[in-house]
Amino acid sequence: MNLYTFLQNLINGLSLGSLYALIAIGYTMVYGILRLINFAHGDVFMMAVYFAFFLVTLGKVPWLISFVIAILAAALLGFTIDRVAYKPIRNAPRISALITAIGVSFFLESFAVVVFSGIPRSFRNIYPKFLNNMLILGGHEEVKYGRNVIVGGLRIPIVSFVILAVTAIALVILWWIIYKTKIGMAMRAVSVDIPTTSLMGVNVDRVIGFTFALGSALAAIGGLLWATRYPQLWPYMGFMPGLKAFIAAVFGGIGSIQGAVVGGFLLGLTEIMLVGFFPKMAGYRDAFAFLILILILSIKPEGLLGKRSVVKV
Amino acid sequence: MAMKLSNRTNLILTIALVFFVWLLLFFAEGRMNTYMVRIVSLIGIYGIMAVSLTLINGITGIFSLGHSGFIALGAYTSALLTMSIHQKEITFILDKVAWPFNSVQLSFLPATIIGGIVAAVFSFLIGWPSLRLSGDYLAIATLGFSEIIRILALNLRSITNGALGLKGIPQYTNVWWSWSWLLITVIFIGSLVNSSFGRALKAIREDRVAAASMGINVFKHQLLGFVIGGFFAGISGSLYAHWLTTIDPRTTSIGVMLTFNVLIMIVIGGLGSISGAIIGAGLFAVLTEWLRFLEEPMKIFSFEFSGIAGLRMLVFSAIFVIVMIFWPRGIMGRKELTWNAIYSWFRRGKGESYE
């Protein structure tokens, strides 16, 4: 592997990693507060992409506005899911909550199959073409197939920069919400102790609903960026990214926002590097992510940046 | 306290029930059309899947999401063993079939048992590292393992034929095979649950710390429960493969979806009850077939609706969520349908006091 391919893989890994990080933050926020693995997170991601797709194709709405509407719609969807499915069983055993989350995920997928049909669609003409343009660094010109082409060098899709920039902006906004606003303080309080927080006069349900909305909005941003990078949408598209994001969250220490970011980048990088170094292993990419998960869980279950929780008897 | 039936009466009633069911199956096979007979044998297969997952999830309290992995292992193993050598040569286009399978052909029963054993061995290998975890983490780790098995099936082309899957698996599964295996599963797991081993499992489910302090080796018990569940999942996989006649590693066939389907069965039936698992499996099989009408073209008030693919699963997932919200214990809860329960229920029906 020469320096160019290494750098190329590094850049691809960072761009994939920042996508994982974005989705993982939403996962980890909900887990941090409710201790609930929100299986439906990846499906909210899928729904957001479909919203944007239909707004642009059927509604003829400009892409930027439809992306914003899709993000808001996803936030509303996340809030609704919490109110309808998770709130009634808040005091039930945690396994019931997990089963319900699986049911909700299953429901959203089937809903998408029924309403949007299971046939994959292309997202390519939804966003402006310049995002697919490549920034080419280095390399040299050669005449091939009768025209001048650049051989070698680094090829960085513009969308990769956009992904990194959006992730950074989203993180700053999130940091501001969590550490500088009142609702952020309430969120941090709820994540420590729900009953005590409600005794302090905080409307816990509203805080949890807000967390779900925020997490779903992040999933939607991640989904839209994902679709610009891998422009195919179908009802099960959120499943793998959702699981990967969860793995990233566990990797970094579930419940910790910084951990989710670190875990997302590490997972994206290792995945791309594995394929870069061993091209024959490309088919096992997803298996590798699960292997990381199992290793992390059995060696350091609290993750890289997580706090060890003490089980009270 | 309700009057209890003696053990002997219980046994006689159970044997009578089994005979009655067998008689029904006999008539079903003779009178019903092929389609219905196929559904009846599917109920048996789903029953085995559900009962084995109940042992793991409901009784041992290991929330495993890896059932489809074991089912797939059993399915692939036994299918590779029963397919004729000639059929394997036709099916494997991309790569030649690997060594042990290119020269063996077994009959259905040994192939099924070997499928179960392979699944059990793998559930031991998977259980060993993942049973050190608990709760959600365990669920995700087992889900990860079943995905790894599926990805291996996708990539080990000389064994599994990759994404194309196996075709032309002989259709051996019939009512008798599936219901006999269901009977064996229920007898085995049922007597296991009522043994001291089963009581230990239930103790662990309720409170593993307390169980451990009573001297129960939590890890050993859970691992054994997990392996036994895996064995029967493998058996059901073999029956399923020889029912479907083609298997491939898509998520929607032998993948996470199958785990979710079995989970729906045991949750609707009541997590932790063997009879509930069978009721759930029967309901699932019958309802999924019955709800097929939703996907066919229909006419309501002179409006023509074309068939909508996937509506069945939408209805099912909605039922699933609603059951979880309003009726989280399912039909049976953790109770079993026993003769005593039926007896006291009848007495109550007569208005007699059974205090």
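Below, chain A is the first sequence line, B the second, and so on; all start at residue 1. Values reported hereafter were calculated over all heavy atoms of this structure, with side chains retained and with hydrogens, waters and symmetry mates removed.
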Chemist: Mind ranking B:P328, B:S130, B:A318 by heavy-atom pairs under 4.5 Å with chain A and telling me who comes out on top?
Modeler: B:A318

Chemist: Looking only at the aromatic ring of each residue, does the gap between the centers of B:F316 and A:F106 stay below 6.0 angstrom?
Modeler: no

Chemist: Among B:L143, B:I149, B:V256, B:I148, single out the residue with the greatest number of heavy-atom pairs under 4.5 Å to chain A.
Modeler: B:I148

Chemist: Among A:L243, A:V250, A:I102, A:L98, single out the residue with the greatest number of heavy-atom pairs under 4.5 Å to chain B.
Modeler: A:I102

Chemist: Does any heavy atom of chain A fall under 4.5 Å from the side chain of B:L138, the backbone, both, or neither of them?
Modeler: neither

Chemist: Measure A:R35 against the heavy atoms of chain B and call it side chain, backbone, both or neither at under 4.5 Å.
Modeler: backbone

Chemist: Checking ring-ring contact (aromatic ring centres under 6.0 Å, His included) against B:F226, which of B:F70, B:F122, B:F219, B:F145 comes through?
Modeler: B:F70

Chemist: A:I294 versus chain B, heavy atoms under 4.5 Å apart: side chain, backbone, both or neither?
Modeler: side chain

Chemist: Against chain B, label A:F239 side chain, backbone, both or neither, depending on which of its atoms sit under 4.5 Å from a heavy atom there.
Modeler: side chain

Chemist: Can you tell me how far CG of A:L274 sits from CE of A:M281, rounded to the nearest 0.5 angstrom?
Modeler: 5.5 Å

Chemist: Angle between ring planes, A:Y50 versus A:F54, binned at 30° and 60°: parallel, tilted or perpendicular?
Modeler: parallel

Chemist: Could you look at A:Y236 and say if it's the side chain, the backbone, both or neither that has a heavy atom under 4.5 Å from chain B?
Modeler: side chain

Chemist: Once you round to the nearest 0.5 Å, how far does CG of A:D82 lie from CG of A:L77?
Modeler: 11.5 Å

Chemist: Has A:L58 got more than 12 heavy atoms of other residues, nucleotides or ligands less than 6.0 Å from its CG?
Modeler: yes

Chemist: So, are A:K244 and A:D286 salt-bridged, with charged N and O less than 4.0 Å apart?
Modeler: yes

Chemist: Chain B: which of A:V113, A:L36, A:I89, A:I37 shares the most heavy-atom pairs with it under 4.5 Å?
Modeler: A:I37

Chemist: If you count heavy-atom pairs under 4.5 Å with chain B, which of A:Y86, A:Y284, A:F39 comes out on top?
Modeler: A:Y284

Chemist: Quick check on B:L154 against chain A: is it the side chain, the backbone, both or neither that has a heavy atom closer than 4.5 Å?
Modeler: neither

Chemist: Pick one of side chain, backbone, both or neither for B:L156, based on which atoms fall under 4.5 Å of a heavy atom in chain A.
Modeler: both

Chemist: What part of B:I264 gets closer than 4.5 Å to chain A, counting heavy atoms only: side chain, backbone, both or neither?
Modeler: side chain

Chemist: Should we count CZ of A:F265 as having more than 12 external heavy atoms under 6.0 Å?
Modeler: yes

Chemist: So what's closer than 4.5 Å to chain A heavy atoms on B:F260: side chain, backbone, both or neither?
Modeler: side chain

Chemist: Can you tell me how far CG of A:N12 sits from CG of A:L269, rounded to the nearest 0.5 angstrom?
Modeler: 10.0 Å

